[in-house]
Structure formats: C-alpha cells, structure tokens
Protein chains: 4
Amino acid sequence: MGAVKTKRMPRAVREQQMLDAAVRTFGNRGYMAASMDEIAELAGVSKPLVYLYLNSKEDLFTACIRREARALTEAVRVGARPELPADRQLWSGLTAFFTHTARHPDGWAVLHLQARTHGEVFAAEVAAMRAEIVAFVTQLILAAAREAHRDPDLREAEVSGLAEALVGAAESLADWANATPGVTARQAATTLMNFAWAGLGDLMAGRHWTPPDDSGDVDAPAAQIEVTSPAG
Amino acid sequence: MGAVKTKRMPRAVREQQMLDAAVRTFGNRGYMAASMDEIAELAGVSKPLVYLYLNSKEDLFTACIRREARALTEAVRVGARPELPADRQLWSGLTAFFTHTARHPDGWAVLHLQARTHGEVFAAEVAAMRAEIVAFVTQLILAAAREAHRDPDLREAEVSGLAEALVGAAESLADWANATPGVTARQAATTLMNFAWAGLGDLMAGRHWTPPDDSGDVDAPAAQIEVTSPAG
Amino acid sequence: MGAVKTKRMPRAVREQQMLDAAVRTFGNRGYMAASMDEIAELAGVSKPLVYLYLNSKEDLFTACIRREARALTEAVRVGARPELPADRQLWSGLTAFFTHTARHPDGWAVLHLQARTHGEVFAAEVAAMRAEIVAFVTQLILAAAREAHRDPDLREAEVSGLAEALVGAAESLADWANATPGVTARQAATTLMNFAWAGLGDLMAGRHWTPPDDSGDVDAPAAQIEVTSPAG
Amino acid sequence: MGAVKTKRMPRAVREQQMLDAAVRTFGNRGYMAASMDEIAELAGVSKPLVYLYLNSKEDLFTACIRREARALTEAVRVGARPELPADRQLWSGLTAFFTHTARHPDGWAVLHLQARTHGEVFAAEVAAMRAEIVAFVTQLILAAAREAHRDPDLREAEVSGLAEALVGAAESLADWANATPGVTARQAATTLMNFAWAGLGDLMAGRHWTPPDDSGDVDAPAAQIEVTSPAG
DNA sequence: TATGAATGAGGCTTCATTCAT
DNA sequence: AATGAATGAAGCCTCATTCAT
C-alpha cells in the first residue's frame with residue numbers, strides 16, 4: 001500500500017513525497033480525520049521522519065496549502081496568456097483554473113474546503129491566495145474595459161466587487177464541475193464567461209458570448225453551451 | 001455559561017436546546033473539533049441525555065444539518081413572494097437568503113462549510129437542499145424569460161447551468177458578506193443581481209442596473225431590481 | 001497488580017487512590033520515568049479517569065507535592081508540642097520529621113528529590129513548604145534563646161541562617177537515615193540535636209572557631225556571621 | 001549556537017566537548033528531559049558520533065557523573081592543604097567545595113540532583129564519591145581532636161555520624177548559596193564552620209543537650225550518640 | 001426524565017538508537 | 001573520523017460512548 005518503499009532518498013525528494021501523500025489524505029479524509037499514520041504510510045515513510053521534516057500536523061497542513069496555492073495561482077497565471085486580448089485572457093485563465101482544479105481535486109479540496117474549515121490560521125493562508133487571484137481578475141476586467149474604449153472612470157472598488165463575484169462563482173463551479181461527470185474545464189469556463197459577460201439579462205435578449213475556437217489547446221474541444229450565433 | 005439549568009423539560013424542548021447548542025458548537029469549532037462534552041454543557045444537560053435523545057454524534061450532526069437546511073429553504077421560499085414578477089421574486093429570494101445566512105452564521109457554517117467537509121453522508125444531505133434551491137431558481141429564471149416573452153425554447157439544462165452559477169455565486173457572496181462588516185443582505189443581493197442580470201458585458205456598455213425603491217418590505221426599504229429593457 | 005478493582009467510587013475517594021498511586025510511582029520511578037499508564041493501573045482505574053479528575057501529569061504531580069507537603073508540615077507541627085520548652089519542641093519536631101519521612105519514603109522522595117529536579121514550578125511548590133519550616137525552626141531557636149535568658153538581641157537574620165543550616169542538615173539526614181538500616185527517627189533527631197547544640201567545637205573544647213584572614217585567596221573577604229566572644 | 005564546528009579533532013578532545021555539552025544539558029534540563037539531539041548539537045557534532053564514542057545515554061550520563069565527581073573531590077582535596085592544622089584544613093576544604101559548586105553549577109546539579117534522582121545505578125556512583133568525602137572529613141575531625149589533645153577514644157562511628165551531618169549540611173548550603181545572590185563561597189564556609197564548631201548550644205550557652213528519656217513514645221528507643229555529661 | 005462514574009480506542013508527538021556511506 | 005537518513009517504541013492526552021442508578 002502507498003508508495004513503493006525506496007530507501008535513502010535525499011531530503012527534498014522525500015519532502016515532496018510526504019506533501020503528495022498529505023495533500024491526498026487531507027483532501028480525502030479532511031484535515032482532522034486524516035491521521036499522521038495514514039499520511040506516513042501513504043508516503044512510504046515512518047512517522048518520525050514526517051515529523052523530522054515537517055514538524056507537526058499543523059505545519060504539514062500549512063505546507064500543503066502553500067504548495068497547492070502556489071501551484072494553482074501559477075497555473076492560472078500561465079494559462080492567461082498576456083498577449084491575448086483581455087477577455088480571451090480571462091477565458092483562458094478560467095480554463096486553466098478549471099483544468100487545474102479538475103486535475104488536482106485533492107489539492108483543490110485542501111484549498112477550498114479544508115483550509116477554510118479548520119481554523120483562522122489556515123483560512124488566512126488561502127485568503128492571501130484568493131486576494132491575489134481577485135486582484136489579477138480585477139486587472140483583467142479593467143483591461144477589457146480599456147480595450148473596449150469604455151468607461152475609463154470605472155472605479156476599481158466597483159470592479160473588484162464584480163471580480164469577487166466572478167471568482168466566487170468560479171470556485172463554486174469548480175466543485176460543480178468536479179462533481180458532475182462529463183463537464184470539461186472548457187465547458188465550465190464557457191458557462192461562467194457567458195454568465196459573466198452577457199448576464200442573464202442578455203441571455204434573454206438573445207445576445208451571447210462566443211468562446212474562441214480551440215486550436216492546439218490542451219483540453220477537450222466541445223463547448224458546453226450551445227452558443228447561438230452572435231447578433232450582428 | 002450555557003443554558004440556564006432548568007430541570008425536567010418536555011422532550012421536544014430539550015431536543016431543540018440540544019440542537020441549538022450543537023449548531024453553535026459545530027459552527028464554531030467544526031464537526032470534528034466539537035466535543036460532545038462541550039455541546040452537552042452548552043445545552044445545560046448531561047451527556048447521556050444527549051445520547052438518549054440524539055443517539056450519536058453523527059446523528060446529532062445530521063439532525064443539525066436537516067434542521068438548518070429546512071430553515072434556510074423555508075426562509076428563501078417565504079422570501080420569494082410568488083405574487084411578484086419573477087425577477088422581483090429572485091431578488092427578494094436572494095435577499096431572504098443573505099438575511100438568513102447573516103442571522104444564522106453558525107447554521108450557515110454548518111451547511112456550507114462543515115457538512116461539505118466531513119464525509120459523503122453529510123455532503124449528500126446538503127446536496128439535496130442545494131438541488132432543491134437550484135431547481136427553484138431555475139424555475140424563476142424560466143419564468144422570467146417567459147414573462148419577457150423571450151426565448152421560449154431555452155432548454156432547461158442550459159438554464160440550470162446558469163442557475164448553478166447563480167447559486168454558487170450567492171453562496172460565495174454569503175461568506176463574503178458575513179466576513180465584510182457593513183455589507184447588508186440587500187446590498188449583497190443587489191450586487192449579485194447586477195452581476196447576473198446585466199453581466200460584465202453590460203457594465204462595459206455603460207448599462208447599469210438600479211435597485212428599485214422599497215415599499216413595505218420586511219428588510220430595508222428599497223424596491224427591487226429595475227430591469228432595463230434590452231437595447232434593441 | 002495494583003489496587004483491587006472496586007467499581008463506582010465517589011470522586012473524592014478515587015482521587016485519593018489516584019494520589020496514593022501517583023506518589024508511589026513518582027517516588028519510585030521519578031517524575032519523568034513514571035508513566036500515566038502505570039499510575040492509572042496502580043490506582044486500579046483507567047487512564048481517562050485520571051485525566052478527568054487530575055487534568056494532566058503536571059497537575060497530578062503538583063497535587064502530589066501539595067498533599068505531601070501539607071502532610072509533612074502538619075506532622076512536624078503536631079510533633080512539636082507547644083507546651084514543651086523550646087529545645088524539647090525542636091527535638092520532638094525533628095523526631096516527627098524523621099518519623100514521617102521514614103514512614104512515607106515515597107512522599108519524601110517526591111518532595112526532596114523529584115519536585116526539586118523537574119522544573120521551577122514544582123521547585124517553587126516545595127520551596128514554599130521549606131520556607132514555612134525554616135520560619136518555624138527560626139521561631140523555636142529564638143524562643144530557646146529567650147528561655148535561656150540569652151542574647152535578646154539575636155538578629156533574626158542571623159538565626160534564620162542557622163535555621164537554614166539546621167533544616168538542610170535535617171533533610172540530608174533524612175535521606176541518610178532512610179538509606180541506613182537500623183537508624184531510627186529518634187536516633188537521627190538526637191544526632192542532629194547533638195550536632196546543632198553542642199557542635200564540633202565542644203567536642204574538642206576549642207570553643208569558637210575564627211575564620212582565617214584571607215591573604216591571596218580567591219574569594220570575597222567578609223565572613224558572614226559575627227561571632228560573639230565566648231561566654232565566660 | 002553550540003561549539004564552533006571544527007572538523008577532525010582527536011578523539012580525546014571530542015569526548016571532552018561531548019561531556020561538556022552533556023553536563024550542561026543534563027544539568028539544565030535534567031537527565032530525562034535532556035535529549036541526545038540537543039547534546040550532540042551543543043557539542044557541535046552529529047549524533048552517531050556521540051554514540052560511537054559514548055555508547056548510550058546511560059553511559060554518557062555515567063561518564064558525566066564520574067568526571068564531575070572526580071573534579072569535585074579533587075578540588076576539595078587540593079583545597080584542604082595538608083600542611084595546615086586540621087580545622088583550617090576543614091575550612092579551606094569547605095571553601096574549595098563551595099567555590100567549586102558555585103563555579104560548576106551544572107556539574108553540581110548533575111551530582112547532587114540528577115544522579116540521585118534517576119535510578120540506583122547513577123545514585124550508587126555519587127554515593128561512592130560522597131562516602132569518600134565523608135571519610136575524608138571524618139579523618140579531619142579526628143585529626144582536629146587529636147591536635148586539641150582531646151578525647152583520644154572518640155569512636156570513629158560517632159565521628160562519622162557527625163561527618164555525615166556536616167557533609168549533609170554542606171550539600172544543602174551549596175544549593176542555598178547558589179540560589180542566594182551575594183553569598184560567596186567563603187561566607188558559606190564560614191557559616192557552616194560556625195554552626196559546626198560553636199553550635200547552637202554555645203549560642204545560648206546551654207552547653208550539652210540531653211535527649212529526653214522516651215517513655216511511651218512511638219519510635220525505637222536507642223539514642224545513637226553517647227552524650228557526654230554536661231559541663232558543670 | 002436524568003446523571004455521576006467510567007473506559008476502549010486512537011491520535012499527536014518525541015526519543016534513543018542504528019544503517020549506509 | 002564523521003554524518004545524513006531513517007525507525008521501533010512509547011508517552012501524553014482526548015474523545016465518543018456506555019453503565020448503573
């Protein structure tokens with residue numbers, strides 16, 4: 001059970017193995033229900049070694065949060081290619097986000113569920129990451145407005161409220177996409193872009209947002225929502 | 001500390017006291033960190049009595065989830081007055097939602113954080129409630145479309161995707177509103193309606209949604225959502 | 001092994017059983033080497049009950065120290081019958097002291113060895129007891145001097161230095177008496193009284209001993225106690 | 001922190017560094033609370049090397065005890081210059097004793113507190129040292145008596161009882177002097193010499209003290225030391 | 001209806017000690 | 001001569017749960 005027992009690894013490698021095991025265990029069982037015993041076994045290592053390298057359950061959990069938070073923000077930042085127009089950046093950033101959360105469900109569970117549920121210290125850790133993402137999204141929205149030669153006076157406070165809502169919706173959709181078989185990251189991103197860009201009001205007015213076509217992209221091709229042809 | 005020690009109460013009353021204590025404790029400490037000892041003390045009752053009435057920690061937690069879920073859905077359903085037009089219903093339903101979550105932070109923590117974080121059994125319990133709400137919102141959106149004489153062929157699947165997003169955003173905003181001092185339920189509802197109805201696209205087109213003034217409502221006075229007619 | 005397993009005792013009784021077991025275990029094994037498991041078993045009780053009543057190993061140890069300290073001071077105070085002349089009081093107090101330490105070797109080990117060796121907190125606890133005893137002895141010495149119509153100006157500071165030395169010697173002799181088979185409490189008390197009353201000087205009739213002046217010596221010069229000229 | 005990390009030292013030197021670190025750690029933390037990790041780090045050496053040289057924690061502790069015991073007895077023996085008269089020898093021996101314990105508080109803690117508190121094996125080790133010192137003091141007392149042309153028949157058993165008391169008092173005073181700022185070794189030695197030489201009896205001129213006869217008393221009858229008849 | 005007394009089980013953490021180089 | 005990597009064993013503590021009244 002767990003990793004193959006390879007002896008005498010350099011510390012850095014072992015630490016990553018331990019974090020892997022910890023993220024999986026914390027993600028599945030939850031922070032409190034996860035036992036250090038289980039984590040150590042899954043890492044193919046004795047418990048004292050885990051303590052030697054990671055100090056305590058709290059520290060281990062914090063290390064998990066930090067690693068996963070960095071991985072997620074990195075994925076989003078890389079996904080949002082800065083050479084694209086802002087709306088496309090947003091869309092591809094969202095796609096990267098949903099792709100990452102789908103590929104790392106345990107990491108996502110650690111960040112979105114566990115870290116928020118077990119104490120202010122951990123919650124603060126993810127709050128920092130979230131703030132970073134919200135700021136990033138805010139910049140994208142402002143850039144989009146600029147590109148559209150629109151509303152140069154948009155107050156940042158206003159926009160960051162919208163960014164909050166957008167990020168919040170994205171988080172919820174990530175859970176939903178993970179829980180709903182057959183929903184791809186692109187579909188989730190498209191749904192959210194439609195929701196965010198056009199709004200329900202537009203939907204009823206017949207205007208839709210069109211996802212870009214996906215040449216050479218990493219994920220599945222099909223868009224989720226049938227997009228009617230844009231109004232002329 | 002805890003409830004005043006009144007002896008010999010009828011069972012139904014005692015049970016509610018216990019559930020009150022349990023919700024508070026589960027909400028504050030989390031499911032696992034909450035101890036039956038603390039709950040019993042807070043309820044002003046001995047531990048064996050808790051077991052006599054509620055059977056086990058799991059059953060107690062399930063009872064909490066059920067009670068809080070019912071209270072929340074009830075609040076939303078009552079808030080959304082069926083005699084109003086659909087968009088107004090949605091707005092007032094959201095307001096009721098944010099009002100309830102603000103007034104019952106522990107109950108909301110139980111439903112939104114704890115129940116989703118500690119095992120499939122509990123998660124299923126809230127999932128059922130959520131599905132109910134999503135269905136309700138879906139109906140409201142469809143009704144709104146109907147009232148606007150729009151898109152009679154909107155497929156329910158499509159709309160329920162949007163409903164998902166809307167509910168997801170609402171959940172996130174509830175946390176945000178609870179954590180941000182000075183944000184009222186009405187403000188939260190308005191923010192979300194703006195986001196949902198007008199979308200970011202509208203924002204950049206310069207169109208804004210204005211909250212209606214408020215005649216005879218239970219909460220703050222302002223009326224609901226002014227939906228501007230879609231631009232031709 | 002351990003106490004006979006009698007079920008369902010009132011708390012006060014169980015607590016004493018636990019303290020008995022704890023004093024024995026701490027006295028024999030030492031504070032750190034004593035395991036809560038062993039104490040619980042010796043008390044005929046499960047470990048959680050020990051924690052329920054005594055809170056922690058530290059608290060349990062503190063409770064032991066307090067109980068044994070009280071018992072010892074009480075024994076001494078009762079032993080020194082106040083109606084006797086002061087020297088007799090001192091002698092009978094010492095006898096009571098040696099009797100008690102001989103009869104409660106574990107309690108004595110807890111006070112004299114363990115409590116002083118495992119942290120300031122515990123040490124302070126016995127220091128308080130010791131101070132009380134030193135004060136008591138100081139009073140006895142002063143009373144003896146008064147009864148002998150001697151040196152009414154004896155400064156208390158001076159005398160309490162002697163009391164310190166006397167108590168220190170008594171403590172050491174208690175260990176010695178316990179370790180040397182065939183030495184009774186009365187013998188130990190007599191030895192000490194002889195030493196204290198007559199001194200070695202009498203033994204060799206050299207009367208007062210004068211410290212040499214300190215030419216080229218390493219330490220500070222002043223002698224501490226001003227030695228009064230020998231009685232005529 | 002700890003010793004400067006110098007590589008490749010000859011074994012003898014490394015061993016002393018380890019013992020230095022061990023004595024400090026054992027003295028401060030106590031035998032059980034001291035960890036081999038801490039000792040190794042303080043010695044500026046890896047743990048396996050400590051085991052290579054000193055074998056085990058027990059052996060290491062024993063080595064500490066032996067080194068410190070030898071150092072202490074050596075200091076006393078050197079301090080008591082044999083060319084002086086016996087009383088002077090005693091005084092300077094005591095001074096050397098108090099000087100040494102004041103300069104090596106950790107070593108003294110190891111000998112006086114730790115070694116006596118953690119098992120018969122270690123206790124025996126210091127008991128040997130103590131016996132040696134008691135014998136030495138006994139000889140000094142006998143010599144003093146001889147020099148005073150007194151009591152040539154003093155039985156050694158009697159005197160060694162007094163030596164016991166004297167040494168016990170010295171041990172206690174060493175702790176007291178270390179704990180009381182401003183008390184020098186010479187002062188401590190003088191206090192003890194005064195106490196021993198003049199006694200309390202002189203203080204009140206009551207000369208010899210006679211134990212009461214023991215009618216109906218709880219303890220064993222025999223007094224230990226034959227008390228010579230009081231001077232007229 | 002209600003509770004004081006009691007425990008089996010399990011989790012976090014630390015330590016003395018060794019292996020392989 | 002010296003060490004980075006690793007672990008078996010054990011200790012403190014807490015908890016959900018029950019018994020006997």
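Note that the coordinates shown come from a computational prediction; the quantities given were computed from them, not determined experimentally. In what follows, every chain begins at residue 1, and chains take the letters A, B, ... in the order their sequences are listed.
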Calculate, to the nearest 0.5 Å, the distance between atoms CG and CG belonging to A:Leu72 and A:Leu111 respectively.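 One gets 6.5 Å once the value is rounded to the nearest 0.5 Å.
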
From C:Tyr51 atom OH to C:Met36 atom CE, the distance as rounded to the nearest 0.5 Å: 3.5 Å

If I take atom [atom1] in residue [X] and atom [atom2] in nucleotide [N], what distance separates them, rounded to the nearest angstrom?
X        : N      : atom1 : atom2 : result
A:Met32  : F:dC13 : CE    : P     : 17 Å
A:Gln17  : F:dA5  : CD    : P     : 13 Å
A:Glu41  : F:dG8  : CD    : C1'   : 15 Å
B:Glu15  : E:dA2  : CD    : C1'   : 15 Å
D:Met36  : F:dA9  : CE    : P     : 20 Å
A:Arg29  : E:dG11 : CZ    : C1'   : 14 Å
C:Asp37  : E:dG10 : CG    : P     : 16 Å
C:His118 : F:dC12 : NE2   : P     : 13 Å

Which residues within residues 52-61 of chain C lie with some heavy atom under 4.0 Å of an atom in DNA chain F? C:Ser56, C:Lys57

Counter-base of F:dA9, judged by Watson-Crick or G-U geometry with both distances under 3.5 Å: E:dT14

Identified pairing partner of E:dT21, criterion: Watson-Crick or G-U wobble below 3.5 Å: F:dA2

When you measure from the side chain of [X], which nucleotide among [options] comes out closest?
X       : options               : answer
C:Leu49 : E:dA6, E:dC15, F:dA2  : E:dA6
C:Ser35 : E:dT18, F:dG11, F:dA6 : F:dG11
D:Val45 : E:dT3, E:dT7, F:dT3   : F:dT3

Counting only side-chain N and O atoms of C:Arg14, is one of them less than 4.0 Å from OP1 or OP2 of E:dA6? yes

Does a side-chain N or O from D:Tyr51 land closer than 4.0 Å to OP1 or OP2 of E:dT17, or not?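 Answer is yes, contact under 4.0 Å.
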
Before we go on, tell me: are the rings of A:His118 and B:His118 under 6.0 Å apart, centre to centre? yes

Under 3.5 Å, is there an N or O donor on one side and an acceptor on the other linking the side chain of C:Arg8 and the base of F:dA20?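 No, the side chain and the base share no sub-3.5 Å donor-acceptor pair.
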
What I want to check is whether an N or O donor and acceptor connect the side chain of D:Lys47 with the base of F:dT3 at under 3.5 Å.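 Counting by modelled atom types and ignoring angles, no donor-acceptor contact under 3.5 Å is found here.
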
Could you tell me if the side chain of C:Leu49 sits less than 4.5 Å from the side chain of C:Met18, heavy atoms only?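 Touching, per the 4.5 Å side-chain cut-off.
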
Counting the atoms with a prime plus P, OP1 and OP2 as sugar-phosphate, which does B:Arg11 contact under 4.0 Å by heavy atoms, base, sugar-phosphate, or nothing?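 Answer is nothing: B:Arg11 stays at 4.0 Å or more from every strand.
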
Would you mind classifying the nucleic acid contact of B:Ala34 as base, sugar-phosphate or nothing, using non-hydrogen atoms under 4.0 angstrom?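 The residue B:Ala34 makes sugar-phosphate contact but no base contact.
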
Just wondering, are more than 12 heavy atoms of other shown residues or ligands nearer than 6.0 Å to CZ in D:Arg67? yes

Looking at C:Gln16, I'd like to know if its CD atom is crowded, meaning that more than 12 non-hydrogen atoms belonging to other residues, nucleotides or ligands lie closer than 6.0 Å. yes

Establish, for the pair B:Lys57 and B:Tyr31, whether the NZ or CZ atom is under 6.0 angstrom from the six-membered ring centre and no further than 45 degrees off its axis.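 Yes, a cation-pi geometry holds between B:Lys57 and B:Tyr31.
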
